[in-house]
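All values derive from a computational prediction rather than experimental measurement.
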Amino acid sequence: ETELTELEPNNNQKKATEIETNKNYSGSVAGNSDVDWYKLVLPEDGYISVDFKHEMLSSTSGCWNFYLYQEDGITSIGNYSHKYQVLGNANLKTNQIGLKAGVYYIQVTRGDYNTSDVVYTVNVNFTQTEYTELEPNSSAKEATNIKVNKEYSGSVGNGSDTDWYK
């Protein structure tokens, strides 16, 4: 499978590398001050999951962190922190996250372990569907509209996350 590469500089939201869903993008975080931003445009409602892979390291420390943001690049998806810590000795795949059509960002930062010479790969898997919760939906005001006699999928990100439907 073809791998695409981040486009430097992509150290802030305005210079984010635009990515397509269901494709691998490789990058590296060169040091403490390096940050990689990716811009994701979803043309339709659906759900995503993010695969973050890398060469296996002997460290069990957090080597990378990545965050999922709404279009403003500040507000996390949902009402809880979408921080994911990737360990040196494991790859990571997120749960499915339902999202409305729109613009979203992924930010990758270095963790506690020096990974300046290690390449990572990120892939945003996307499936279009109208039968999933759509973040943010953590209050009655933000509730996901649903139809009767239809099955919807959703996920609860952590102990403080809630999903509302109407």
Side-chain angles (χ1 to χ4, degrees), residues 1-78 80-130 132-136 153-155 157-158 161:
E1 188 171 315
T2 303
E3 225 173 77
L4 304 163
T5 305
E6 66 169 322
L7 300 174
E8 290 286 0
N10 65 338
N11 293 341
N12 61 50
Q13 177 191 4
K14 290 180 181 169
K15 294 182 179 178
T17 298
E18 191 160 338
I19 61 174
E20 296 177 40
T21 58
N22 305 311
K23 292 189 178 185
N24 289 324
Y25 289 84
S26 62
S28 63
V29 179
N32 287 337
S33 62
D34 189 20
V35 176
D36 293 339
W37 282 83
Y38 297 93
K39 179 180 181 179
L40 174 67
V41 179
L42 298 181
E44 302 173 278
D45 295 351
Y47 60 83
I48 67 165
S49 63
V50 180
D51 288 327
F52 193 101
K53 298 179 180 179
H54 57 87
E55 169 189 333
M56 288 297 118
L57 305 171
S58 60
S59 173
T60 57
S61 296
C63 292
W64 297 270
N65 299 310
F66 73 90
Y67 306 83
L68 302 175
Y69 293 110
Q70 295 179 32
E71 186 170 6
D72 65 7
I74 299 168
T75 308
S76 64
I77 295 173
Y80 56 96
S81 171
H82 265 282
K83 173 185 175 182
Y84 297 91
Q85 185 177 56
V86 184
L87 304 179
N89 64 348
N91 290 319
L92 187 135
K93 181 173 184 150
T94 67
N95 291 332
Q96 293 178 349
I97 304 164
L99 296 174
K100 297 174 184 170
V103 176
Y104 299 91
Y105 289 91
I106 298 172
Q107 179 192 46
V108 180
T109 64
R110 191 181 125 185
D112 299 329
Y113 187 80
N114 183 358
T115 56
S116 60
D117 59 343
V118 181
V119 174
Y120 65 79
T121 301
V122 65
N123 184 335
V124 179
N125 305 292
F126 174 70
T127 302
Q128 184 280 326
T129 181
E130 63 181 287
T132 186
E133 66 158 325
L134 298 173
E135 294 286 355
S153 64
S155 65
N158 65 22
D161 185 28

Compare all side-chain heavy atoms of [X] with those of [Y] and state whether any distance is below 4.5 angstrom.
X    : Y    : answer
V108 : Y120 : yes
N32  : D34  : no
Y69  : I77  : no
N24  : N123 : yes
L99  : D45  : no
V122 : V50  : yes
E135 : I97  : yes
W64  : V118 : yes

Quiz item: Taking only residues two or more places apart in sequence or in another chain, which ones pass salt bridge (charged side-chain N to carboxylate O under 4.0 Å, His left out) with E71?
Solution: none
[X] [atom1] to [Y] [atom2] distance, which is reported to the nearest 0.5 Å:
X   : Y   : atom1 : atom2 : answer
Y38 : I19 : OH    : CD1   : 7.5 Å
T21 : I48 : OG1   : CD1   : 10.0 Å
E6  : N11 : CD    : CG    : 8.5 Å

For a quick test of reading the model, state the closest non-hydrogen atom pair linking [X] to [Y] and the distance between them.
X    : Y    : answer
K93  : S49  : CE-OG, 3.5 Å
L57  : C63  : CD1-SG, 3.9 Å
L92  : Q85  : CD1-O, 3.5 Å
D112 : R110 : O-NH2, 4.3 Å
S61  : S59  : N-OG, 2.9 Å

Exercise. Apply the test side-chain contact (heavy atoms from CB on, under 4.5 Å) to residues N91 and D51: give CA-CA distance (whole Å), side-chain angles for both, the deciding distance (0.1 Å), then the verdict.
Key: CA-CA 8 Å; N91 290 319; D51 288 327; over 6 Å; no
Qualifying residues under side-chain contact (heavy atoms from CB on, under 4.5 Å), relative to [X], sequence neighbours excluded:
X    : answer
S26  : E3, T5, V119, T121
E18  : K39, V41
D72  : Q70, I74, T75
T109 : V35, N65, Y67, Q107

Quiz item: Hey, would you say the F66 and W37 ring centroids sit under 6.0 Å apart?
Solution: no
Quiz item: Does the ring centre of Y84 sit less than 6.0 Å away from the ring centre of F52?
Solution: no
Exercise. Can you spot which of L134, N125, T129 makes a side-chain contact (heavy atoms from CB on, under 4.5 Å) with Y47?
Key: T129
Quiz item: Going through the distances and angles, do L40 and Y105 end up as a side-chain contact (heavy atoms from CB on, under 4.5 Å)?
Solution: CA-CA 6 Å; L40 174 67; Y105 289 91; over 6 Å; no
Quiz prompt | side chain to side chain donor-acceptor pair (under 3.5 Å) against E44, all qualifying residues, sequence neighbours excluded | solution = none
Self-check item: Check: E20 main-chain N/O paired with Y25 side-chain donor or acceptor under 3.5 Å
Solution: yes
Exercise. Using atom types as modelled and distance alone, determine if a side-chain donor or acceptor of H54 lies under 3.5 Å from a backbone N or O of L87.
Key: yes
